[in-house]
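See structure below.
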Amino acid sequence: MNDFEALQGLWQVHSSTFEGRPVDESATHYVISGKSMREIVPDLVDDGSLRSTFILDESTAPKRLTLILDYNGPDGPPDPNPIVLRYLYRLDGDTLTLCSDEFGEFPLSICDDYSIMTLVRETGPVPESKRPAGIPTLKDELLGELEWDDNLHWYRGRLQIAELSFRLSLNPEEGTDVSQALLRAKQVVGDFARYRAMAEEYAVRELLNLKNSTWPDDDGRPITAEEFKARMRLDSITIESDACTTFWHDDGDLFYGHSIQVSIDADDHCSGVDIPG
């Protein structure tokens, strides 16, 4: 029996460490079926949006396992930019050891310098995940359909305005309705060009000098405000129940992959900027 055949079935998370120190894992089990390696997190709803497949390389020492996470769903087209996780693995009977590097590359060896997760084979039934709450989808003529996300506890959808596609999330506080966030969303989307320009101008004003002084491009040439705006691209808008609105941008490598976050308060004043990630 080769490793691919031996890995099939249900595996329970026995332990997890980072640099030798114990860490908590949200997943309790993994189910391997064919080329699929599915994570079981009982506290979360599995919405079926993830296609998780793996590739083994038994020719190396230690052996390698590459896990590919594609959020286009099991039946969707292949994502051109999936999340790729790289592990060294050791299979010893009913024990599977996975070792990973925090930077996403293959570790040099299976040792406590890295993250190590130990799985043991289990023969019982596959644990059930959390069931959906059954909160109905919001439908709006301007915003389209916004589905409830049971794990993030907000409504989410995707909008297309001219050439730009971005995600929209409405985040009601627990125990309150979404009416205020919905009203604010319609205001922002209804005057989208102005709000988008407001966020971009504020990001340039607050971050351009930081970019040129601390995060230079490879050629060392300072960039202009127009170049800065051209490289940042809106990825999503999040609106809270108090009408505070956050524009999240892909940074176009301005800050080496960090997001550009611009906050606008309920009175339409830009109230903060950050480069998280």
Side-chain angles (χ1 to χ4, degrees), residues 47 49-51 69-73 76-83 137-149 152 154-172 178 180-208 210-212 215 217 223-277:
D47 62 5
S49 65
L50 175 63
R51 177 167 49 209
L69 307 179
D70 182 339
Y71 282 91
N72 281 347
D79 187 338
N81 297 297
I83 298 172
T137 297
L138 287 176
K139 297 181 180 181
D140 182 82
E141 184 175 343
L142 178 63
L143 305 178
E145 293 191 356
L146 301 173
E147 296 182 346
W148 177 254
D149 188 313
L152 297 177
W154 62 18
Y155 291 92
R156 63 178 183 177
R158 179 167 287 278
L159 293 180
Q160 179 83 37
I161 299 180
E163 82 294 346
L164 188 61
S165 174
F166 60 92
R167 290 175 287 120
L168 174 67
S169 301
L170 308 186
N171 188 18
V178 73
Q180 288 300 109
L182 184 61
L183 187 65
R184 175 62 163 172
K186 294 171 75 169
Q187 177 185 8
V188 171
V189 173
D191 198 5
F192 177 71
R194 183 174 73 88
Y195 281 97
R196 180 187 181 188
M198 185 190 307
E200 290 178 348
E201 292 291 345
Y202 187 73
V204 168
R205 186 164 67 249
E206 297 296 318
L207 297 176
L208 181 59
L210 176 67
K211 160 64 184 173
N212 286 329
W215 304 73
D217 285 350
I223 69 169
T224 66
E226 289 306 312
E227 288 173 321
F228 190 106
K229 285 193 290 185
R231 286 170 61 175
M232 62 186 287
R233 184 172 179 84
L234 181 64
D235 180 67
S236 64
I237 298 175
T238 302
I239 299 179
E240 308 294 332
S241 59
D242 61 0
C244 289
T245 302
T246 304
F247 281 68
W248 297 87
H249 305 83
D250 182 292
D251 76 332
D253 273 343
L254 288 166
F255 300 101
Y256 308 163
H258 289 241
S259 296
I260 298 177
Q261 173 191 353
V262 178
S263 300
I264 301 175
D265 65 22
D267 297 319
D268 283 354
H269 298 136
C270 290
S271 55
V273 65
D274 198 4
I275 48 173

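Between R231 and D251 no salt bridge is recorded (no basic side-chain N to carboxylate O distance below 4.0 Å). Using a 4.0 Å cut-off between charged side-chain N and carboxylate O, K211 and D217 make a salt bridge. Using a 4.0 Å cut-off between charged nitrogen and carboxylate oxygen, D149 and R167 do not count as a salt-bridge pair.
Of all non-hydrogen atoms in H249 and A199, the two that sit nearest each other are CE1-CB, 4.3 Å. The two residues C270 and M198 make their nearest non-hydrogen contact at SG-CG, 3.6 Å. Residue A181 comes nearest to E240 through the heavy atom pair CB-O, 3.6 Å, listed as atom of the first residue, atom of the second, then distance. The nearest pair of heavy atoms linking V189 to L142 is CG1-CG, 4.0 Å. Nearest heavy-atom pair across S263 and T246 is OG-OG1, 3.9 Å. Across all non-hydrogen atoms, the minimal contact from R194 to D268 is NH2-OD2, 3.3 Å.
Other residues, nucleotides and ligands place more than 12 heavy atoms under 6.0 Å from the CD atom of E163. Annotation: E147, atom CD; neighbour count of heavy atoms from other residues, nucleotides and ligands within 6.0 Å does not exceed 12.
To the nearest 0.5 Å, the span separating CG on L146 from OG1 on T137 amounts to 8.5 Å. Rounded to the nearest 0.5 angstrom, E227 CD and M232 CE are separated by 14.5 Å. Distance CH2/W154 to OG1/T238: 4.5 Å, rounded to 0.5 Å. Here D235 contributes atom CG and Q261 contributes atom CD; the two are 12.5 Å apart, rounded to the nearest 0.5 Å. Rounded to the nearest 0.5 Å, atoms CD (Q160) and OG (S165) are 5.0 Å apart.
You'll find the side chain of L164 reaches within 4.5 Å of the side chain of R233, heavy atoms only. Contact annotation: the side chain of V188 approaches that of F247 to within less than 4.5 Å [non-hydrogen atoms, C-beta and beyond]. With contacts defined as side-chain heavy-atom distances shorter than 4.5 Å, the pair D79/L69 does not qualify. Proximity of Y155 to V178: side-chain heavy atoms (C-beta onward) are separated by under 4.5 Å at one or more points. Between I239 and L168, the closest side-chain pair of non-hydrogen atoms falls below 4.5 Å. Side-chain contact between I260 and F228: present, with at least one pair of heavy atoms (C-beta onward) separated by less than 4.5 Å. K229 is listed as a side-chain neighbour of E201, based on a closest heavy-atom distance under 4.5 Å.
For F192 and F166, the ring centers are positioned less than 6.0 Å apart.
The side chain to side chain contact (heavy atoms under 4.5 Å, CB included) test with L210 is passed by exactly one of V273, I275, L254: I275.
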Trace of the side chain to side chain contact (heavy atoms under 4.5 Å, CB included) decision for I223 with L208: CA-CA 8 Å; I223 69 169; L208 181 59; 3.9 Å; yes
Residues R184, I264; criterion side chain to side chain contact (heavy atoms under 4.5 Å, CB included); working and verdict: CA-CA 11 Å; R184 175 62 163 172; I264 301 175; 3.9 Å; yes
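Of the possible donor and acceptor atoms, one in the side chain of D47 sits under 3.5 Å from a partner among the backbone N and O of S49.
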